[in-house]
2 protein chains.
Amino acid sequence: MGNETGTGTRDLLIETARDLFLLQGYGATGVAEIVRVAGVRPGSLYYFFPTKEDLLIAVLEWYRDNIYEGLLQPVYERIDDPLERVFGILDGYRQMLLLTAYDQGCPIGNLALEVTNSHPRVRELLKENFVQWTDEVARNLTLAAGRLPAEIDIPGLSEYILSVMEGAIMLARTYRTIDPYDNAIAHLRDYVDRMVEDGTNWAKPSRFRHASDGEKTL
Amino acid sequence: MGNETGTGTRDLLIETARDLFLLQGYGATGVAEIVRVAGVRPGSLYYFFPTKEDLLIAVLEWYRDNIYEGLLQPVYERIDDPLERVFGILDGYRQMLLLTAYDQGCPIGNLALEVTNSHPRVRELLKENFVQWTDEVARNLTLAAGRLPAEIDIPGLSEYILSVMEGAIMLARTYRTIDPYDNAIAHLRDYVDRMVEDGTNWAKPSRFRHASDGEKTL
DNA sequence: CCCATGATTGAGCGATCACTCAACAGTATA
DNA sequence: TATACTGTTGAGTGATCGCTCAATCATGGG
């Protein structure tokens, strides 16, 4: 973490690229723009990063290493209840959408669909970020497990929550209104509330009914 | 639709761009590549489309005008039950993920996060495609309304289903495994099943939190 | 002092980017 | 045949792309 040696140019480039990638995407952000905003010359960038993709990797590593300071801590300072902390995290993305007028959503989700077919290391880091997010949600759900059905699949539910959030951000950014996000979180809240209040009646989602599995459904 | 006049070059360019945008994204696909794959010269493209963005607009209009043939009809031929038709549509995306080895997800979702900050007409068409998809799901849910709670917000639930699907595709493409998609659809199936099987006990998701019994929160 | 090392400079590389345009071909109508 | 209109051609535009590199600077140790 603390890069105590050096002049700070490397960190400056990572943070500049991070912000520009978030606003414009990876492909739409040129190296020339990054170095111009950072106030350095192209050679300096390529002294630290062999390619533009290595800079993207460093940005994704930054997100992975700063999830607590940037995402969790502001929520955990306000909220103690583990279940409400999960919805607090979701509310953080809501604030981001509103404050940036839907220009910024989830940094990882933005990049995920854009660079999925690129270098394996990039995909690996996208996955690491998603897994870290999911694990943190799962940790909170485990702390609230007393209120949830015993047979609940906490990792699966956590991943489901991530799916809902990413999809809802996509719709909110496209529509440029918060309604799709609020609608999705409300449904999610209802789903979780049902587990809390009626745990014994909760059916573990397991029956996979894919048409591809053969039988014609009527 | 039936462009009976002309030589077909315009349609050929739209379909070629559609396929390349789906595989590589909008920004990563160059005009030179489109005309090379289509077997025409750059001048022909710019005879029909003033800018590359106008070609993207034509592609989005194509998706809007061909949702039935490309997405719904293959499902509706197999499945009659309106509720199962919804999950049949979702299974179509599952097949796409598997058949393309996670290279192709939802064509609209791919573009949505990439070009959200571009020309208003593009955003408008992305929205039109999402709304059309949601409306079709809502139509099916309405046909199945007899099995659903009377007070259910069908448009809201339809939009929620779209959120879940788009987020699940994002995760499946990043992880390069179908598990996140199956997990999300299973949770969605469970959510809908609960409404069908226990409609009277279903509460409209809005202000339903920690009803009567002891408050543990904070 | 000298030197090694880390860091920076800035001109400039070839390739590709979206895009242009004057010339021309094909076909139908007059 | 003459005119008009729809497409097509392909060389070529300036700008920007990611990236290179020999030269230079700053700094601390021996």
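Order of the sequence lines sets the chain letters (A, B, ...), proteins ahead of strands, with each chain counted from 1. Computation of the quantities below employed the complete heavy-atom set of this structure, encompassing side-chain atoms and omitting hydrogens, waters and symmetry-equivalent molecules.
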> Roughly how many Å is it from NZ in K52(B) to P in dT20(C), rounded to a whole number?
Replying inline: 15 Å

>> Here's a test of your reading of the structure: between P42(B) and E33(A), which maps to the more 5' nucleotide of DNA chain D?
In response: P42(B)

> Going by an N to O cut-off under 4.0 Å, is there a salt bridge joining R189(B) and E84(B)?
Replying inline: yes

> So, is T51(A) near the phosphate of dG18(D), with a side-chain N or O under 4.0 Å from OP1 or OP2?
Replying inline: no

>> Here's a test for you: under side chain to side chain contact (heavy atoms under 4.5 Å, CB included), which of D81(B), L83(B), V86(B) qualifies with N140(B)?
In response: V86(B)

> Taking atom C1' of dT20(C) as reference, at what distance in whole Å does atom CZ of F49(B) sit?
Replying inline: 17 Å

> Looking at the rings of Y160(A) and Y191(A), which for Trp means the six-membered one, are their centres under 6.0 Å apart?
Replying inline: yes

>> Could you go through R10(A) and E15(A), starting from their C-alpha distance and side-chain angles, then the distance that decides it, and tell me whether this counts as salt bridge (charged side-chain N to carboxylate O under 4.0 Å, His left out)?
In response: CA-CA 9 Å; R10(A) 194 188 128 97; E15(A) 289 160 21; over 6 Å; no

>> dT8(C), OP1 or OP2 - any side-chain N/O from Y47(A) closer than 4.0 Å?
In response: no

>> The side chain of S44(B) is closest to which nucleotide in this list: dT8(D), dG10(D), dG10(C)?
In response: dT8(D)

> Are OP1 or OP2 of dT8(D) and a side-chain N or O of T7(B) less than 4.0 angstrom apart?
Replying inline: yes

>> Measuring from the side chain of R41(A) (C-beta onward, heavy atoms only), which nucleotide among dT8(C), dT9(C), dG10(D) has the closest atom?
In response: dT9(C)

> Has Y46(B) got a side-chain N or O lying under 4.0 Å from the OP1 or OP2 atom of dT20(C)?
Replying inline: no

>> Students often get this wrong, so: under 4.0 angstrom with heavy atoms, is G30(A) touching a base, only sugar-phosphate, or nothing?
In response: sugar-phosphate

